[in-house]
Amino acid sequence: MQFRRRDLLAGGAGLLALQALELRASTPADGGSELWPRTAQVPGGIARLSLGPAPERPLAFADQIPVLVLGDAIEWTALVGIPLAATPGERSIDLRGAKGAGARRLSYQVAAKKYSEQRLKVPPRTVDLSAEDEARYQRERTHLAGVMATFSETVPHASMQMCVPSPGRRSSSFGLRRVFNGQARNPHSGMDIAAATGTPVVAPLAAKVIDTGDYFFNGNTVWLDHGAGLLSMYCHLSAIDVRVGDVLRAGEQLGEVGATGRVTGPHLHWSVSLNRAMVDPALFITG
Ligand code: ZN
């Protein structure tokens, strides 16, 4: 997806509100607790980096991927998703002034986080895909990489606090490393919410629907774009109630919990992606 400067300059209305929120949050009375998402400079977390003042919104990139920049001429802030696969230590973003001037690099530290590991022995046929399924999975992976690269012009609403997309018991299995029959799989890159088939799933934040489909592992899936590289994904749905291009308000239903795709029982798998890094959805919700 092509990245255009004017894309970043839209969305002014929310920025004034954000400024107000930041001013309020910086008062000692509430200790800054109103800033969302919460940050955690660990793999799978989010860094909030102050970029200082500039007359126009700076462009920021993490490994050449455009990064969400909020604020106004008085203070710009970058919100950077840190990949689960990131090595702890120093990381950086690259900044350019809106007119291409003032290129600089801003470094920040990523601390180690030990996610738990699950070792499972399962019948080989449940992990080894047939040639046909493997070909399907590879096609879907390419398609989903394109979806994940979406970077739209709108900056997310001032507060990025999300509501929980579905009622139910929430797992804390984000980042869990799974080893099937001695082979390491990708870590679990979302939150699972246990709920009965048919339980409503709602948009946790205003969004545009950018993809729907029935995928091999993820089953019936909806992808939402909240703006500027903040995306979210809902998997294993029994019903999809939206179409690509639909614009949803926070709390509007997008589908129903189910057990489609490669799962053992009904639940919602919810992922949040920021600059193409899957980050912990728990950072966006209360409790
Ligand atoms: Zn899951």
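Just so you know, ligand 1 is whichever comes first in the structure, and atom 1 is the first atom listed for that ligand. Model, not experiment: these values are computed from the prediction.
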Undergrad: Distances under 2.8 Å only: what protein N/O/S atoms are near the Zn ion (ligand 1), ordered by chain and residue?
TA: His188 NE2, Asp192 OD1, His269 ND1
Undergrad: Anything under 3.5 Å between a donor and an acceptor, one on a side chain of residues 247-258, the other on a protein residue two or more places apart or in another chain? List them.
TA:
{"from": "Glu252", "atom 1": "OE1", "to": "Arg249", "atom 2": "N", "distance (Å)": "2.7"}
{"from": "Gln253", "atom 1": "NE2", "to": "Asp241", "atom 2": "OD2", "distance (Å)": "3.0"}
{"from": "Gln253", "atom 1": "NE2", "to": "Gly255", "atom 2": "O", "distance (Å)": "3.4"}

Undergrad: Please collect all salt bridge (charged side-chain N to carboxylate O under 4.0 Å, His left out) contacts where either partner lies in residues 166-192, sequence neighbours excluded, each pair once.
TA: Glu117-Arg177
Undergrad: Using a 3.5 Å distance criterion without hydrogens, assess whether the side chain of Trp76 forms a donor-acceptor pair with backbone atoms of Ala54.
TA: yes
Undergrad: Before accepting this row, confirm whether a basic side-chain N of the pair Arg105/Asp94 lies closer than 4.0 Å to the acidic partner's carboxylate O.
TA: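 Judged by the 4.0 Å cut-off on N to carboxylate O distance, Arg105 and Asp94 do form a salt bridge.
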Undergrad: For Arg136, is there an ion pair with Glu132 - N to carboxylate O distance below 4.0 angstrom?
TA: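 Arg136 and Glu132: not salt-bridged.
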Undergrad: For residues 80-91, tabulate all N or O donor-acceptor pairs below 3.5 Å that involve a side-chain atom, not counting sequence neighbours.
TA:
{"from": "Glu90", "atom 1": "OE2", "to": "Ser107", "atom 2": "OG", "distance (Å)": "3.4"}
{"from": "Arg91", "atom 1": "NH2", "to": "Asp63", "atom 2": "OD2", "distance (Å)": "3.3"}

